[in-house]
Amino acid sequence: MRPVRKAVLPVAGFGTRAMPAAKATPKNLLNVFDRPILAHVVEEGRAAGIEHFIFIVGRGQGAIEDYFDHNVELESQLKAKHKGDILGQVTADLSKPGQMSFVRQMQANGLGHAVWCARDLIGDEPFAVMLPDMLMDAKPAALKQCIDAYHAVGGNIIAVEPAPPGQAHKYGIVALGKPAEGFDGRLKAMTGMVEKPPPGTEPSNLFISGRYVLHPEIFDILGHHYRGAGDEIQLTDGMLRLMGIQDFHALEYQGTTYDCGDLLGLLRANLAFGLKHAEHGQAVRDIAQSLLGG
Ligand code: UTP
């Protein structure tokens with residue numbers, strides 16, 4: 001079975017749910033405690049064995065590229081002032097030469113269009129998609145769990161998780177068939193998926209949560225530029241068509257997801273990552289308690 005070496009990270013959306021915080025700073029560079037959201041997601045990808053990260057970017061997002069590159073002036077200042085700790089922190093997330101690519105989407109035509117923009121860089125191999133506003137705190141890393149499932153059953157894998165009670169109609173929901181062996185019922189064959197089903201018609205309560213292992217045949221389908229919901233080229237529509245010729249499995253991965261695409265989700269992630277931070281966890285707890293008057 002061919003390995004999954006490359007991941008596509010689409011970041012070219014407008015981030016309207018995170019406005020105005022994301023107006024002048026790319027949404028995915030907003031902070032989750034000590035680092036930008038994207039740095040946490042790239043760390044997850046590295047832990048899953050990803051060798052090459054392909055960012056689908058829009059105008060005004062050059063700061064993403066800068067974050068993963070050297071800042072020579074800053075680094076030499078820190079060296080000269082013997083601030084080794086800080087130097088270690090600002091260089092910890094750097095890319096290795098040739099392991100990151102940045103592709104302009106040109107127009108935010110939808111997630112399916114964003115993924116399609118990676119077609120030449122992916123070529124003819126299976127690949128991962130990571131939606132970077134979904135921060136997944138999991139051991140093993142959420143994408144690693146997906147890739148392990150891919151090595152067990154092949155085909156395409158989609159990470160899913162239970163929608164909050166009564167909220168399934170707000171998400172992309174999967175329809176499920178038989179469980180695969182060896183995953184305690186958490187890996188199941190998929191029979192369909194539906195974007196925002198009307199309440200009461202949901203085929204399950206599991207929503208598509210932002211990590212995928214896909215096969216390159218998806219690019220031919222997305223290349224037809226079929227427009228779906230919101231007049232956008234939807235990845236879900238492309239996957240539904242691919243499902244006609246290839247197997248799909250849904251993996252209920254083990255871990256916690258933080259939707260950092262809106263300001264409350266981002267706050268929740270900040271609190272959670274702050275509370276479990278090795279150095280500052282206790283201070284975060286003290287701050288939270290004093291704010292609550294405890
Ligand atoms: P979302 O729709 O959740 O993100 O797309 P958004 O558009 O940034 O946010 P809202 O809904 O306006 O608040 C999921 C991911 O796909 C990317 C987004 O940047 C986000 O990371 N995306 C979406 C693109 O790269 N291009 C697109 O045309 C659409």
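Note that ligands are numbered from 1 as they come in the structure, with each ligand's atoms numbered from 1 the same way.
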Query raised in the report: Do N205 side-chain atoms and A168 backbone N/O form a donor-acceptor pair below 3.5 Å?
Result: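 No; zero donor-acceptor contacts below 3.5 Å.
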
**Report entry** Part of Q105 within contact of ligand 1 (heavy atoms, under 4.0 Å)
**Finding:** side chain

Requested in this report: Check whether the side chains of D286 and Q282 place a donor and an acceptor atom closer than 3.5 Å, and report yes or no.
Outcome: yes

**Report entry** For atom 28 (O) of ligand 1, closest protein heavy-atom neighbour
**Finding:**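 Nearest neighbour among protein heavy atoms for atom 28 (O) of ligand 1, to 0.1 Å: G110 N, 2.8 Å.
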
Query raised in the report: For the rings on F53 and F68, is their centre-to-centre separation under 6.0 Å?
Result: no

**Report entry** Aromatic ring proximity, centroids under 6.0 angstrom, F127 and F219
**Finding:**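 Yes: the rings meet the under 6.0 Å criterion.
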
Query raised in the report: With a 4.0 Å heavy-atom cut-off (strictly under), which part of A114 contacts ligand 1: side chain, backbone, both or neither?
Result: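 Near ligand 1, A114 shows its side chain, while the N, CA, C and O stay back.
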
Query raised in the report: For atom 16 (O) of ligand 1, what is the nearest protein heavy atom, given as residue, atom name and distance?
Result: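 Atom 16 (O) of ligand 1 sits closest to the protein heavy atom L111 CD1, 3.5 Å.
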
Requested in this report: Please examine the side chains of H169 and E202, heavy atoms only from C-beta on, and report whether any two atoms are closer than 4.5 Å.
Outcome: yes

Query - Residues K144 and D148 bridged, charged N to O under 4.0 Å - result: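 D148 and K144: salt-bridged.
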
Query raised in the report: Taking non-hydrogen atoms only, is V11 closer than 4.0 angstrom to ligand 1 via side chain, backbone, both or neither?
Result: backbone

**Report entry** Sub-4.5 Å side-chain heavy-atom contact between H113 and L222
**Finding:**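 No, too far: nothing below the 4.5 Å cut-off.
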
Requested in this report: Please indicate, with yes or no, if any protein heavy atom is found under 4.0 Å from atom 7 (O) of ligand 1?
Outcome: yes

Query raised in the report: If you measure only the distance, is there a donor-acceptor pair under 3.5 Å linking the side chains of Q246 and E217?
Result: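 There is such a pair between these side chains.
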
Query raised in the report: Got an N/O contact under 3.5 Å between P10 and ligand 1?
Result: yes

Query - Spacing of L242 atom CG and M239 atom CE [to the nearest 0.5 Å] - result: 9.0 Å

Query - Min N/O separation N28 to ligand 1 under 3.5 Å - result: no

Query raised in the report: Between D133 and ligand 1, which residue portion shows a heavy-atom distance shorter than 4.0 Å: side chain, backbone, both, or neither?
Result: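 Just the side chain.
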
Query raised in the report: Short N/O distance, under 3.5 Å, between G261 and ligand 1?
Result: no

Query raised in the report: Is P132 close to ligand 1, meaning an N/O of one under 3.5 Å from an N/O of the other?
Result: no

Requested in this report: Decide whether an N or O pair under 3.5 Å exists between R17 and ligand 1.
Outcome: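 Yes, at least one N or O pair falls under 3.5 Å.
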
Report summary line: heavy-atom search around atom 25 (O) of ligand 1 in the protein gives A12 N, 2.8 Å

Query raised in the report: Are F273 and F33 close enough that their ring centres sit under 6.0 Å apart?
Result: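 Not under 6.0 Å, so no.
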
**Report entry** Closest protein heavy atom to atom 22 (N) of ligand 1, given as residue, atom name and distance to 0.1 Å
**Finding:**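 Among all protein heavy atoms, the one nearest atom 22 (N) of ligand 1 is G13 N, 3.6 Å.
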
Query raised in the report: What is the nearest protein non-hydrogen atom to atom 12 (O) of ligand 1, stated with its residue, atom name and distance?
Result: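 Going by distance alone, atom 12 (O) of ligand 1 is nearest to T16 OG1, 2.5 Å.
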
Query raised in the report: Considering the options K6, H52, E65, which one meets the side chain to side chain donor-acceptor pair (under 3.5 Å) requirement together with S101?
Result: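 Answer to the side chain to side chain donor-acceptor pair (under 3.5 Å) test with S101 among K6, H52, E65: H52.
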
**Report entry** ligand 1 contacted by K27 (non-hydrogen, < 4.0 Å)
**Finding:** yes

Query raised in the report: Short list, please: which atoms of ligand 1 are under 4.0 Å from a heavy atom of A108?
Result: 28 (O)

Query raised in the report: What atoms of ligand 1 come within less than 4.0 Å of a heavy atom belonging to N109?
Result: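 Listed by number with element, the hits are 28 (O).
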
